[in-house]
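As a basis for the values below, the full set of heavy atoms in this structure was taken, side chains included, without hydrogen atoms, waters or symmetry mates. Throughout, residue positions are numbered sequentially from 1 according to the sequence presented.
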Amino acid sequence: HTALLTSQGRANEAVEHLRIAVSRSPDSPILRADLAINQIYAGQLADAEDTIRSTFELLGTRAHYLLHVHLAILHEARGEFARAASAIVHVPLNWPKTAITLGLRALFCGLNGQPHRARWHMSKLQGIRLVAGAKVPAIHLAVAALGAGDKDAAVRWLHQASVVERDPHALLDNVYAFFPPRHGHSDFRRLAVGTRELPLSR
């Protein structure tokens, strides 16, 4: 429900729902991670940082890995691309689960002026998808393509994620600052609006 609210430009409402949820289950790693990312969507960056830091202090090693991912995204939202690139490397996952972060690694390297490293991460992700298929969601390739500087490929992968795979995460394409609307891609807005009319994957 909160993802749907945020996709409709109502991230502030989503945050309030999640604040209530966290107040009722304060030791839930997932709820706290969801609160942090929705605060980022809502532009409440200082609050997001407070949520992330306080969760690390409260839960320690029980903090969900997504909270580390959201810390990297928070740095990106502030334009701190070097810090974002560093933070995403330190997400506490071991291979092969680190493949989850390769798209963001490519993105943050590209934003940090390292397109060669972005292309390297993207090539690894493409290779893994050749072997694992849809177990590597297309949304990761879309993010990686942006880091590699290929906006057309990013939109193609977003289409794959939204229309073919019907990935629920594609609902949020239009709230991430790094996706194509900010880059002026003509096909993105049509795609972002169209995905709202598609049913989610089963």
Side-chain angles (χ1 to χ4, degrees), residues 1-11 14 18 30-31 33-34 36-38 40-41 64-70 72-73 76-77 84 88 91 93-111 118-202:
H1 178 62
T2 55
L4 181 61
L5 287 175
T6 296
S7 74
Q8 296 176 338
R10 299 161 62 189
L18 285 162
I30 290 291
L31 285 177
D34 284 351
I37 194 62
N38 278 275
I40 295 171
Y41 297 149
H64 198 273
Y65 81 86
L66 281 175
L67 207 70
H68 296 266
V69 174
H70 297 164
I73 292 173
E76 186 279 331
I88 200 65
V91 174
L93 291 172
N94 297 318
W95 181 259
K97 291 183 178 180
T98 48
I100 295 169
T101 67
L102 286 178
L104 287 173
R105 289 190 189 201
L107 174 67
F108 297 150
C109 284
L111 292 174
R119 290 190 292 270
W120 179 57
H121 287 307
M122 183 171 182
S123 67
K124 288 194 293 183
L125 198 54
Q126 288 174 314
I128 296 169
R129 185 173 168 99
L130 284 175
V131 175
K135 290 182 180 179
V136 177
I139 197 77
H140 294 340
L141 274 298
V143 173
L146 281 180
D150 192 340
K151 299 173 191 175
D152 291 335
V155 170
R156 289 196 299 273
W157 281 113
L158 282 174
H159 182 274
Q160 177 75 16
S162 304
V163 178
V164 179
E165 297 180 5
R166 295 185 178 183
D167 188 336
H169 292 96
L171 280 173
L172 299 172
D173 293 349
N174 62 327
V175 299
Y176 282 110
F178 47 71
F179 271 121
R182 178 165 291 186
H183 301 282
H185 197 287
S186 60
D187 291 335
F188 180 81
R189 181 51 52 187
R190 174 186 55 78
L191 179 61
V193 172
T195 56
R196 295 181 187 175
E197 301 173 359
L198 291 171
L200 298 183
S201 59
R202 292 185 294 275

Applying ring pair (Phe, Tyr, Trp, His ring centres under 6.0 Å), name anything that partners H68, two or more places apart in sequence or on another chain.
F56
Does some side-chain heavy atom of I73 sit less than 4.5 Å from a side-chain heavy atom of F108?
yes
Which heavy atom in A11 sits nearest to a heavy atom in T6, and how many Å separate them?
CA-OG1, 3.8 Å
Can K97 be said to sit on top of W95's aromatic six-ring, NZ or CZ under 6.0 Å from centre and within 45° of the ring axis?
no
Can you tell me how far apart CG (L158) and NZ (K151) are? Round to the nearest 0.5 Å.
13.5 Å
Minimum heavy-atom distance between M122 and L141, given as atom pair plus value
CE-O, 4.2 Å
Does V91 reach the side chain of T98, with side-chain heavy atoms less than 4.5 Å apart?
no
Distance from R119 atom CZ to D150 atom CG, nearest 0.5 Å?
10.5 Å
Are T2 and D34 close enough that some pair of their side-chain heavy atoms sits under 4.5 Å apart?
no
Do you know the tightest heavy-atom contact between A118 and A106?
CB-O, 3.1 Å
Contacts of type salt bridge (charged side-chain N to carboxylate O under 4.0 Å, His left out), residue R156, not counting sequence neighbours
none
What I'd like to find out is whether the side chain of I100 reaches to under 4.5 Å of the side chain of Y65, using heavy atoms alone.
yes
So, do I128 and L102 sit near enough that their side-chain heavy atoms are less than 4.5 Å apart?
yes
For residues 127-138, pull every pair meeting salt bridge (Lys or Arg N to Asp or Glu O under 4.0 Å), keeping only residues two or more places apart or in separate chains.
R129-E165
Separation of L111 CG from L104 CG (nearest 0.5 Å):
10.0 Å
Would you give the length of the straight line joining atom CD1 of I88 to atom CZ of R105, rounded to the nearest 0.5 angstrom?
7.5 Å
Rounded to the nearest 0.5 Å, what separation is found between the CG atom of L146 and the CG atom of L107?
6.5 Å
Looking at H70 and A33, would you say the former's side chain and the latter's main chain have a donor-acceptor pair under 3.5 Å?
yes
What pair of heavy atoms forms the shortest contact from A161 to A138, and how long is it?
N-CB, 3.8 Å
If you look at every heavy atom in V143 and G103, which pair is closest and at what distance?
CG1-O, 3.4 Å
Any chance you could measure L125, atom CG, to H121, atom NE2, to the nearest 0.5 Å?
10.5 Å
